[in-house]
Colleague: 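Okay, handing you the structure first.
Order of appearance sets the numbers: ligands from 1, and atoms from 1 within every ligand.
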Amino acid sequence: MGYHALYQSWKDDPEAFWLDAARAIDWDEFPSAALNAENAPLYEWFTDGVVNTCYNALDRHVENGRGDQVAVIYDSPITGRQSKTTYSEMLDKVARLAGAMQSKGITTGDRVIIYMPMITEALVAMLACARIGAIHSVVFGGFAANELAVRIDDATPKAILAASCGLEPGRTVAYKPLIDGAIEIAEHKPDVVFMFQREECVADMIEGRDYDWNAVQEGVEPAPCVPVRGDHPAYILYTSGTTGAPKGVVRPTGGHLVALNWTMKNVYNVDPGDVFWAASDVGWVVGHSYICYAPLIHGNTTIVFEGKPVGTPDAGTFWRVISEHNVRSFFTAPTAFRAIKRDDPKGEFAKKYDLSGLRALYLAGERADPDTINWARDLLGVPVVDHWWQTETGYAVAANPLGIEELPIKVGSPSVAMPGYDVHVLDEGGNPMPAGELGAIAIKLPLPPGTLPTLWNAEARFRKSYLTTFDGYYETGDAGMIDEDGYLYIMSRTDDVINVAGHRLSTGAMEEVLANHPDVAECAVIGVSDTLKGQLPVGFLCLTTGVNRPHEEIIAECVKMMRDQIGPVAAFKLAVVVQRLPKTRSGKILRATMVKIADNQDFKMPATIDDPAILDEIKEALQTLGYAK
Ligand code: COA
Ligand code: AMP
């Protein structure tokens, strides 16, 4: 069946479509229904099914003869180390860690924070939680102690599973001081910390709370799988929203299994046994879905890559990994390709490797610019599939589903809606926009299985953030259009979220940090276009009257505060002091207009602007940073 027929078959009978997809999962009890609309507009899927995620990711493959197949390849150009772990070995590691967790009182429904770099043990930790029905929340290593503390207080974990350090090029990031610092700041105190000691940096342990990863497993019984209901939260993943408080996206167990498994063949066109590689980080949704869960659920080999697209050691690293491990489908963020292209514009490195096994490249996480897509396609000679999704959805809303049918590629578009998603472009009043015209992108409810049913401990925020603007729809926060062939174009965000090197960040959270500087009276942070990272944050600071210290000093302090409080991943290095900020008469800062000035785009003078002359001052300030030329 081709794409259009399949999409129509879903539309005609979504219940049958998803129950059929659910048959590819091994359930302890098959669900009596797919959709549960009892609490509409809050929806659930496979509510009364009983299932275990880890069983589907590991045990069943061992039982079905894949025990000796490599499940996880760890490839670390930073350390020069590699390892291969088979499905049987993964099962053993996971069951033993899960047993150790149980021995410390961690049980089904308890939350567990995972703070780990890109090593095999990060996947072991996630799957060990899944095995006993504990709800993990992975926190990205590039966040500072304060951000970790915010997540500890929201998720109230019983345990933290961590490694002693992460490795950035030229820098060892010791995790233990960050963890200790976060626990000190947080009101909630986890009972235990399991620490995987890496040889690059050995963590000091706190007696009675911290346990060595290996020692704590000695003599414990491996844990069996604990079946949970379909609506049991598999994990919470915090993502940036408009305010400083991150949103805890909840992932439900049943839908997660069914939907991710479905995407592996239909979207990524791999068969069980094939090597699939997503070069991201377990701290992001791409890492959850496509480094850990989906490839393993589907019986693929996944790669945990600890390195960067450039500099570890060079712009040929990706090609080495693809050729050495015979990667079939490869997924990364456009920014990684922009980094490679900048270092190796002619693609000389790619010529040194046999890339004939690669069948397609998938890009997501930010807008894929046509230059990057064309360059990648010419270099690799395979289809380059831009696909669009969010932490909230957990998998692609729109894609070119190569496993179903290769649709014509329109460069600049992530192609078409996947079955499960009824995507619309609406005007401010919620009316549909004609084909080709810009508006807010919204998805008709219900969202499909595996997408977020709510936010952790924050149902009211869930409703307000996603369900109230357009009645009967999920508001994506993205703006764009759909052309007459049904192809989507994602142009920008409608909120204050920015995207820096494929990392989703909140300018609101950054403003909260700047506002805490004693000399800053008022501030704004905007995302300006950047040829490498897509966007970069720029801060505007209005100083308290009477402050006459050098501006560079204050700016340097602000940059440090951002690094200390949000983390290096904020990539906040640019700020400028201004006398005033442009505002509407009601006091709203005109951030969107400032972005247009920075990016040299035409803009309409906002009718409600308080004093248009301020925009000239903003332009001059941006020019000192090299923007708004
Ligand atoms: N732990 C600690 N620090 C981290 C980190 C981690 N896991 N990840 C990134 N950082 C740090 C970096 O070292 C850098 O620090 P610096 O300011 O001291 O240089 C800072 O955070 C910013 O990182 P980043 O924006 O990633 O920039 P970079 O210069 O290190 O690398 C790219 C640029 C394009 C090579 C890199 O961003 C990249 O590979 N991006 C791919 C993005 C991706 O996979 N996104 C996931 C969504 S699909
Ligand atoms: P995250 O939740 O971190 O995955 O970020 C999701 C956001 O990244 C989306 O809402 C979009 O703004 C952006 N994004 C992700 N994929 C794409 C894409 N293919 N094209 C354009 N924007 C994208």
Side-chain angles (χ1 to χ4, degrees), residues 115-118 122 139-144 165-175 178 237-241 247 249 278-291 305-312 315 317-318 331-343 362-369 373 385-399 412-415 441 452 475-480 488-495 497-505 527 530 532-537 559 562-563 566-573:
Y115 193 65
M116 299 190 83
M118 288 297 289
V139 179
F140 178 61
F143 282 124
C165 61
L167 302 172
E168 286 295 291
R171 179 161 68 98
T172 300
V173 185
Y175 280 2
L178 293 169
L237 178 56
Y238 289 90
T239 189
S240 300
K247 296 170 171 172
V249 168
S280 178
D281 188 286
V282 285
W284 307 116
V285 70
V286 176
H288 281 63
S289 295
Y290 293 107
I291 296 174
F305 172 76
E306 189 180 40
K308 303 268 174 181
V310 292
T312 59
T317 305
F318 277 8
F331 179 167
T332 191
T335 191
F337 265 78
R338 291 196 296 267
I340 295 170
K341 183 172 154 222
R342 193 179 62 171
D343 274 22
Y362 294 80
L363 299 175
E366 57 172 331
R367 186 173 149 71
D369 52 291
I373 295 182
V385 175
D386 176 15
H387 60 326
W388 167 63
W389 48 296
Q390 315 180 299
T391 305
E392 289 85 345
T393 65
Y395 58 100
V397 180
S413 162
S415 301
I441 304 181
L452 82 172
E475 182 185 6
T476 64
D478 284 321
L488 266 102
Y489 293 79
I490 314 296
M491 308 311 289
S492 60
R493 292 284 304 186
T494 57
D495 55 14
V497 165
I498 60 170
N499 200 313
V500 180
H503 308 318
R504 174 166 159 184
L505 299 166
D530 180 72
L532 176 64
K533 295 193 180 186
Q535 283 183 300
L536 274 184
V559 167
M562 204 72 89
R563 202 175 168 92
I566 294 187
V569 68
F572 183 89
K573 290 180 179 157

Colleague: Yes or no, since that's all I need: does a protein heavy atom fall within a distance strictly under 4.0 Å of atom 36 (C) of ligand 1?
Modeller: no
Colleague: Of the backbone atoms (N, CA, C, O) and the side-chain heavy atoms from C-beta on, which set of A279 has a member under 4.0 Å from an atom of ligand 1: side chain, backbone, both, or neither?
Modeller: backbone
Colleague: Tell me which protein heavy atom sits closest to atom 42 (C) of ligand 1, plus the residue, atom name and distance to 0.1 Å.
Modeller: A501 O, 3.1 Å
Colleague: Could you tell me whether atom 32 (C) of ligand 1 has a protein heavy atom closer than 4.0 Å?
Modeller: no
Colleague: Any N or O on K533 sitting closer than 3.5 Å to an N or O of ligand 1?
Modeller: yes
Colleague: Going from NE2 on H387 to OH on Y395, what distance comes out if it is rounded to the nearest 0.5 angstrom?
Modeller: 13.0 Å
Colleague: Parallel, tilted or perpendicular for F140 and W284, by the 30°/60° rule?
Modeller: tilted
Colleague: Can you list everything that forms a side-chain contact (heavy atoms from CB on, under 4.5 Å) with A368? Sequence neighbours excluded, please.
Modeller: P334, L363, I373, D386
Colleague: In terms of atom number and element, which parts of ligand 1 are under 4.0 angstrom from non-hydrogen atoms of G142?
Modeller: 1 (N), 2 (C), 3 (N), 4 (C), 5 (C), 6 (C), 7 (N)
Colleague: Of all residues at least two apart in sequence or in a different chain, which pass the salt bridge (Lys or Arg N to Asp or Glu O under 4.0 Å) check with D530?
Modeller: none
Colleague: F140: heavy atom below 4.0 Å from ligand 1, yes or no?
Modeller: yes
Colleague: Please identify which atoms of ligand 1 are closer than 4.0 Å to at least one heavy atom of W284.
Modeller: 46 (C)
Colleague: Do F143 and V569 have side chains that approach each other closer than 4.5 Å (heavy atoms only, starting at C-beta)?
Modeller: yes
Colleague: Is the closest heavy-atom distance from G365 to ligand 1 below 4.0 Å?
Modeller: no
Colleague: Could you work out, for atom 46 (C) of ligand 1, the closest of G170, S280, A144 by heavy-atom distance?
Modeller: S280
Colleague: Report the distance from atom CG of D478 to atom OH of Y489, rounding to the nearest 0.5 Å.
Modeller: 16.0 Å
Colleague: Using side-chain heavy atoms (C-beta onward) and a distance below 4.5 Å, is F305 in contact with T332?
Modeller: no
Colleague: Decide whether an N or O pair under 3.5 Å exists between R563 and ligand 1.
Modeller: yes
Colleague: Looking at residues at least two apart in the chain, or sitting in another chain, which of them share a salt bridge (Lys or Arg N to Asp or Glu O under 4.0 Å) with R504?
Modeller: E392
Colleague: Could you check L178 against V173 for side-chain contact (heavy atoms from CB on, under 4.5 Å), going step by step and ending with a plain yes or no?
Modeller: CA-CA 9 Å; L178 293 169; V173 185; 4.2 Å; yes
Colleague: Can you tell me how far CZ of R367 sits from CG of N499, rounded to the nearest 0.5 angstrom?
Modeller: 12.0 Å
Colleague: Under 4.0 angstrom from ligand 1, any heavy atom of M118?
Modeller: no
Colleague: Considering the heavy atoms of V569, write down every atom of ligand 1 situated less than 4.0 Å from one of them.
Modeller: 21 (O)
Colleague: Within the 4.5 Å heavy-atom criterion, are I340 and F318 side-chain neighbours or not?
Modeller: yes
Colleague: Give the atom numbers and elements of ligand 1 that come within less than 4.0 Å of a heavy atom of K308.
Modeller: 8 (N), 9 (C), 30 (O)
Colleague: Give yes if a backbone or side-chain nitrogen or oxygen of Y175 is under 3.5 Å from a nitrogen or oxygen of ligand 1, and no if not.
Modeller: no
Colleague: Can you list, by chain and residue number, every protein residue with a non-hydrogen atom closer than 4.0 Å to ligand 2?
Modeller: V285, G365, E366, R367, D386, H387, W388, W389, Q390, T391, D478, I490, R493, N499, R504
Colleague: Measure the OG1-CD distance between T335 and Q535 for me, rounded to the nearest 0.5 Å.
Modeller: 11.5 Å
Colleague: Distance to 0.1 Å, residue and atom name: give those for the protein heavy atom nearest to atom 19 (O) of ligand 1.
Modeller: K573 NZ, 4.0 Å
Colleague: Do H503 and E366 make a side-chain contact, defined as non-hydrogen atoms from C-beta onward lying under 4.5 Å apart?
Modeller: no
Colleague: Considering only non-hydrogen protein atoms, determine which one is nearest to atom 47 (C) of ligand 1 and report residue, atom name and distance to 0.1 Å.
Modeller: G502 O, 3.5 Å
Colleague: Which protein non-hydrogen atom lies closest to atom 41 (C) of ligand 1, naming both residue and atom, and how far is it?
Modeller: T335 CG2, 3.7 Å
Colleague: List the closest protein heavy-atom neighbour of atom 48 (S) of ligand 1: residue, atom name, distance to the nearest 0.1 Å.
Modeller: V286 CG2, 3.5 Å
Colleague: Relative to each other, are the rings of W389 and Y290 parallel, tilted or perpendicular (30° and 60° limits)?
Modeller: perpendicular
Colleague: For the atom pair CG (D495) and CD (E475), what is the distance rounded to the nearest 0.5 Å?
Modeller: 8.0 Å
Colleague: Which protein heavy atom lies closest to atom 20 (C) of ligand 1, and at what distance to 0.1 Å?
Modeller: P568 O, 3.3 Å
Colleague: Would you check whether R171 has a nitrogen or oxygen atom less than 3.5 angstrom from a nitrogen or oxygen atom of ligand 1?
Modeller: yes
Colleague: So which heavy atom in the protein is nearest atom 26 (O) of ligand 1, and how far is it from that ligand atom?
Modeller: H503 NE2, 3.5 Å
Colleague: To the nearest 0.5 Å, what is the distance between CE on M118 and CD1 on I291?
Modeller: 3.5 Å
Colleague: If you define the side chain from C-beta out and look only at heavy atoms, does anything of Q390 sit under 4.5 Å from T476?
Modeller: yes
Colleague: Of all the non-hydrogen atoms in the protein, which one sits nearest to atom 10 (N) of ligand 1, and at what distance?
Modeller: E168 OE1, 3.3 Å
Colleague: Check whether any side-chain heavy atom of D369 sits under 4.5 Å from a side-chain heavy atom of R338, and report yes or no.
Modeller: yes
Colleague: Just to be sure I'm reading this right: ignoring hydrogens, which of C165, G534, P309 gets closest to atom 38 (C) of ligand 1? Compare them by their nearest heavy atoms.
Modeller: P309
